[in-house]
Every structure is written in C-alpha cells, then in structure tokens.
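Right, one structure below, let's go through it.
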Amino acid sequence: MQEPHRPHFSYIFSITQHRTDVAPTRTLLQWRAMNHQVIRHDLLRRLPPERLTLLRQLGDLADRGGVSLYLVGGVVRDLLLKRENWDLDLTVEGDGIAFARAVSERYRAGLAVFERFATSRLVFPEGLKIDIATTRRESYAQPAALPDVEPASLNEDLYRRDFTINAMAIQLNSALFGRFYDPYGGRQDLRAKTLRVLHRCSFRDDPTRIFRAIRFEQRFGFRLERTTMRLLAQAASTNLIQQLSGPRLQNEIVLLLAERDPVRAIVRLAQLKLLRFLHRRLCYTKNVRPVVTAVPKALVWCARRFPEFVTDRPTVYLMALSSQSSPAVVATMIRRLALSREQARNLSAGGSRIDRVWKQLIDRKTVRPSQVYRLLAGFSNEALVLLLAKQVAIQHKVRLSLLKRHLMAYMKSRTFKTVLTGGDLQTMGLKPGPQYKTILEGLLDARIDGMITTEAEERAFIQKRIGLQRRRAVS
Ligand code: ATP
C-alpha cells in the first residue's frame with residue numbers, strides 16, 4: 001500500500017527546476033519557508049455533517065485502494081473564508097480515474113470520465129456532484145491552448161493552479177484526515193486579501209485566468225498582488241485572449257456575469273480594455289454605463305414583484321452591455337462567444353426592437369392591458385428586465401411608474417387563457433383558416449381587458465364575429 005502522505009519539500013525544487021522559463025512571483029526561499037507551514041486543521045468540521053461523513057468514507061476507500069486523497073481548490077479556500085461552497089473537488093495521488101470508478105460503484109453514482117485531462121465527474125443519486133482528478137502537472141504546447149497533462153505529486157498539482165488561494169488541500173485518508181497543505185502561502189494571501197499567481201507564465205499559459213482573477217478580486221474584495229497585476233495587465237494587452245475558443249471565452253464571461261455584483265466586474269473588464277475581446281467596438285460608454293448599472297435594480301424589482309420570474313442574469317448583463325451596439329456588432333459577438341440559440345435571440349432583441357416597444361409603452365395612448373400584452377408578447381423575461389433597466393437608467397419617475405404598471409399588467413395578462421379553442425370555432429361552423437388566429441386573439445384580448453369573463457360570453461363574442469365575417473363576405 002502506498003504511504004498516504006509523502007514529505008514534499010523536494011517537489012518544490014523539482015518544480016522550479018522544471019520551469020527554468022518561469023520565475024515564481026516569490027523567491028524559492030520564501031516558497032520553502034511557507035512549505036514548512038504545513039499544519040493540522042479542523043477545517044473540515046465546517047462542512048455539513050453528512051458531507052463530512054461522506055469524506056471520511058471516501059478517505060477509507062482511498063486507504064483501501066492505496067492512494068492519497070485530498071479535498072482541494074476552491075472549497076478549501078471557502079472553508080478558510082467560512083463561506084458556503086458545495087462543490088467538492090477531490091484529487092488523488094495515484095490513479096484518480098480508477099478511484100472514481102470505485103466510488104461510482106460503491107455509491108451507485110453516475111460517472112463521466114475525461115481521460116485526456118485525468119479528471120472525472122460523479123453524480124450521486126441524491127444529486128450531489130463531486131469532481132475527482134489525478135494529481136497532475138500541466139504543460140502548454142502554446143499559449144491559450146488546452147494543456148497536456150501527466151501524473152505528478154500533490155505539490156506539482158497545486159502549483160499548476162491559478163492562484164495561491166486556490167492551491168491548498170486537505171488530506172482525507174483516515175490516518176491523516178484533516179491535514180492541511182499550503183505549500184504556496186494561500187492562507188497568508190487569504191488573510192492579506194491578495195490574489196497571487198503561482199508563476200510568471202500563468203496568464204500566458206491560460207488567459208482564462210485573467211477573467212478568474214477579476215472574478216475572485218470582485219467577489220472577495222481582494223486586490224491583485226503587484227507582480228500579478230503587472231503580469232495580468234501585460235497578458236491583457238496582448239491578443240492572447242483572442243486565441244481562446246468561443247465556448248471557453250463564453251464560460252468565463254458567463255461566470256463573471258453570474259457573480260452577485262457583476263457591475264464592478266464589468267467596470268474592471270472595461271478598465272483593462274478586455275471588452276474588445278467580445279467585439280473590438282464594444283465599449284463601456286457613458287450611454288451603456290447607466291443601463292448596466294440599472295440592471296441589478298431592475299432584477300430586484302422583477303424578482304420581488306413576480307416570484308415565479310426566472311431570468312438568466314448573465315444574458316441580461318450581456319444584453320445591457322450591447323444595448324447600444326449595432327445589429328452587426330451584436331451578431332459578431334454572438335458568433336465570437338458561441339452563444340446558444342436562445343441567448344442569441346435575446347441578445348439580438350436587446351437593441352432597436354426593445355427601444356421601439358419602450359417608446360410605445362410610455363406613450364400615454366397605450367392604455368388597454370391587451371395593447372400592452374400585444375406589445376410585450378414574445379419578449380423573453382431577460383428582455384423585460386432590460387426594458388425596465390433602460391427606464392431606470394433614464395431616471396424619469398413618472399414614466400418609470402407607468403412602465404412598472406404596464407409590466408405588472410402584462411405579467412397578469414400572461415396568465416389569461418380563453419376557454420374556447422380552434423376546435424370550438426369549427427364546431428360553431430367556422431371554416432378553418434387564418435381568421436381563426438384573429439378571432440382567438442380578439443377573444444383573448446377581450447378577456448385580458450375584462451370585457452368578457454365567462455364561457456357564455458366567449459361564445460357570444462365568437463358568434464358576433466362569425467356573423468360579422470359572413471356579412472362582410474356577402475357584401
Ligand atoms: P468557484 O468558487 O467560482 O466555483 P473555484 O475556485 O471552486 O471557484 P473551479 O472553476 O470550480 O473554481 O475550479 C476548482 C479549482 O480548480 C480552482 O480552485 C483551482 O484550484 C483550479 N482551477 C480551475 N480553473 C483553473 C485554471 N484555469 N487554471 C488553474 N487552475 C484552475
């Protein structure tokens with residue numbers, strides 16, 4: 001059986017020897033000094049009891065398989081920060097995929113294996129997801145490419161990570177359960193609220209880390225350590241990000257915009273001139289800024305007023321960001337980010353169509369609920385939020401309350417249905433044809449406006465329409 005824990009000072013030397021091309025942002029001596037700070041910790045007790053029990057069981061399973069098992073990455077960081085994080089990332093010094101298979105069998109969990117990256121994802125019957133990887137070192141054939149990986153020690157695995165605060169681990173094997181590994185000073189950086197890359201090539205190897213840096217900086221209110229900031233600015237000023245595939249760039253942008261307060265992150269993207277990677281003409285202009293800034297207010301209002309209202313927040317922010325852009329710019333952005341059909345539809349609707357409807361809505365001639373319904377029918381929830389954000393941005397109180405009233409009326413109208421359908425029209429003697437749509441829409445409008453409320457009234461309404469049509473046909 002492999003010894004679960006091996007001393008790891010030597011790895012530090014071998015890592016820096018491997019990477020003669022890179023100078024770490026701390027000196028070797030400092031790394032070594034930190035390496036001695038390996039301590040025991042009761043961090044795991046901060047997890048919910050059932051998770052803790054599961055991790056103990058997995059540690060036992062790892063003992064039996066003769067491998068070392070660690071909890072690693074963001075969850076360790078969040079345990080230290082006392083923040084909830086339900087993503088369990090595990091890493092195995094040994095064959096991680098074989099271990100994942102054993103876990104899958106034991107718990108009847110679904111398993112997806114990604115051989116190329118030596119990673120796997122387990123989905124437990126009750127929905128819990130756990131990622132299990134083999135500890136590995138990564139090399140990049142060229143900047144921004146996906147890495148080639150090969151098995152390596154825990155320390156090397158931690159060294160390939162994005163920031164020191166994400167490069168800590170806790171051992172789960174029974175004899176060393178709870179042992180805390182922090183070879184690169186992550187805990188010290190957490191205390192100092194600092195984001196620090198592990199080596200100088202970090203952003204060049206993987207420019208997605210630029211977005212990750214902004215994400216963590218804004219989420220935790222941290223600052224980028226000086227050298228890290230310089231390296232980030234350097235990487236941002238090149239065209240490295242251009243080399244990321246659409247889905248990889250989209251993933252980072254969406255994660256950034258899904259943060260609790262993405263407005264600050266957007267400002268940071270603009271400061272670092274990173275919006276150009278979505279489109280070279282996309283700018284955070286004085287016209288765009290108020291709309292983006294108004295999105296949180298609009299989202300809160302909609303969530304309070306309409307509890308069932310589901311929106312894809314990142315899409316709303318993207319719509320707001322591109323709300324002053326031409327359709328051609330938006331179309332290129334959609335392609336660059338490889339957006340889904342639904343996201344693309346939303347983004348395309350974010351411009352002139354919304355503006356046209358907006359004008360009509362705040363025009364006092366739009367008074368009937370059915371008129372509002374017809375204007376807004378077909379708009380996604382995201383488009384409704386953007387519409388409201390545009391009005392919030394203008395700061396015109398009277399029009400804002402008018403628009404809010406319209407939105408409330410519209411949401412109510414969405415629940416209306418007619419009792420009678422096309423089948424009933426046929427039974428009532430009307431030949432199928434395009435007039436069905438007109439009559440049924442008229443019927444729904446009458447319901448929405450409260451002109452009819454019962455089935456009998458619906459029938460009378462239709463009879464009247466049919467009669468009208470027949471008279472028209474005769475004359
Ligand atoms: P979040 O709290 O947003 O989920 P996280 O730190 O848990 O953040 P994940 O994307 O879930 O981030 O990744 C888990 C861990 O994998 C990270 O903590 C980090 O150690 C490592 N990691 C993820 N992406 C990268 C990357 N691009 N480069 C280096 N390490 C990465």
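Atoms within a ligand are numbered from 1 in the order they appear, just like the ligands themselves.
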List ligand 1 atoms under 4.0 Å from [X], heavy atoms only on the residue side.
X    : answer
R215 : 3 (O)
G73  : 18 (O), 20 (O)
T208 : 27 (N)
N166 : 6 (O), 18 (O), 19 (C), 20 (O)
R160 : 29 (C)

Crowding at [atom1], [X] (>12 non-hydrogen neighbours, <6.0 Å):
X    : atom1 : answer
E105 : CD    : no
R116 : CZ    : yes
E126 : CD    : yes

Heteroatom distance test ([X], ligand 1): nitrogen or oxygen, under 3.5 angstrom:
X    : value
N85  : no
D206 : yes
R219 : yes
G74  : yes

Identity and distance of the protein heavy atom lying nearest [atom]:
atom                    : answer
atom 10 (O) of ligand 1 : R212 NH1, 3.1 Å
atom 15 (C) of ligand 1 : R161 NH1, 3.7 Å
atom 6 (O) of ligand 1  : R77 NH1, 2.8 Å
atom 4 (O) of ligand 1  : D87 OD2, 3.8 Å
atom 14 (C) of ligand 1 : D89 OD2, 3.2 Å
atom 28 (N) of ligand 1 : R209 NE, 2.8 Å

Problem set entry | Heavy-atom side-chain contact between F124 and K129 under 4.5 Å | no

Exercise. Taking the non-hydrogen atoms of F216, is any one of them nearer than 4.0 angstrom to ligand 1?
Worked result: yes

Can you tell me if [X] uses its side chain to pair, donor with acceptor, with the backbone of [Y] under 3.5 Å?
X    : Y    : value
T194 : A192 : yes
T119 : E115 : no
D89  : V75  : no
T134 : R136 : no

Problem set entry | E259: which of R264, R219, R313 passes salt bridge (Lys or Arg N to Asp or Glu O under 4.0 Å) | R219

Exercise. Among D162, T164, T228, D189, whose side-chain hydrogen bond (donor to acceptor under 3.5 Å, both in side chains) with R196 holds?
Worked result: D189

Exercise. Salt bridge between D78 and K82, side-chain N to carboxylate O under 4.0 Å?
Worked result: no

For this session: Check V72 against ligand 1 and report side chain, backbone, both or neither, counting heavy atoms closer than 4.0 Å.
Result: neither

Exercise. Side chain or backbone of D162 under 4.0 Å from ligand 1, or both, or neither, by non-hydrogen atoms?
Worked result: both

